[in-house]
Amino acid sequence: MTDANVSDTWQPLRSKMLVYEQGPQLTVLVDPDHPDMWQQEPYCSDLQAWANAGNKIGKYVILFCGDEVRKIEPA
């Protein structure tokens, strides 16, 4: 993700995740060797915030980790 508003904590080597946009979908690829990383802070809160903000404009967040596919639902 090359958005200047996104914290350096989201750098792939640090977060163990890769984030990119595909049309209305924000895709999050989690390193299967670190499957719980997305549930840790600040990642979990950021994902929820992105889902909430995206929901208002017709976008959504999908997370992939190994065989698991999960939509981050807006709160």
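FYI, the numbering just counts along the sequence from 1.
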Do any pairs count as a salt bridge (charged side-chain N to carboxylate O under 4.0 Å, His left out) and have a residue in residues 43-57, sequence neighbours left out, and if so which ones? none
Non-neighbouring partners of Glu68 that pass side-chain contact (heavy atoms from CB on, under 4.5 Å), sequence neighbours left out: Arg70
Could you list the residues that satisfy side-chain contact (heavy atoms from CB on, under 4.5 Å) with Asn55, not counting sequence neighbours? Pro74
Of all residues at least two apart in sequence or in a different chain, which pass the side-chain contact (heavy atoms from CB on, under 4.5 Å) check with Glu73? Lys71
Kindly indicate, with the supporting measurements, whether the criterion side chain to side chain contact (heavy atoms under 4.5 Å, CB included) is fulfilled by Trp10 and Val19. CA-CA 8 Å; Trp10 279 95; Val19 180; 3.6 Å; yes
What is the distance from atom CD of Gln11 to atom CG of Leu18, rounded to the nearest 0.5 Å? 10.5 Å
In terms of hydrophobic clustering (I, L, V, M, F, W, Y; side-chain heavy atoms under 4.5 Å; direct or indirect links), are Val69 and Tyr60 co-clustered? yes
Could you grab the distance from atom CD1 of Ile62 to atom CG of Leu29, nearest 0.5 Å is fine? 11.5 Å
Only pairs under 3.5 Å count here: list side-chain donor-acceptor contacts from residues 37-45, not counting sequence neighbours, and write none if there are none.
unit_1, atom_1, unit_2, atom_2, d
Trp38, NE1, Pro35, O, 3.3
Glu41, OE1, Ser45, N, 3.4
Glu41, OE1, Ser45, OG, 2.6
Glu41, OE2, Ser45, OG, 3.0
Tyr43, OH, Thr9, O, 2.8

About how many Å separate CG of Asp31 and SG of Cys65, when rounded to the nearest 0.5 Å? 7.5 Å
Arg14: which residues meet the salt bridge (charged side-chain N to carboxylate O under 4.0 Å, His left out) condition with it, sequence neighbours left out? none
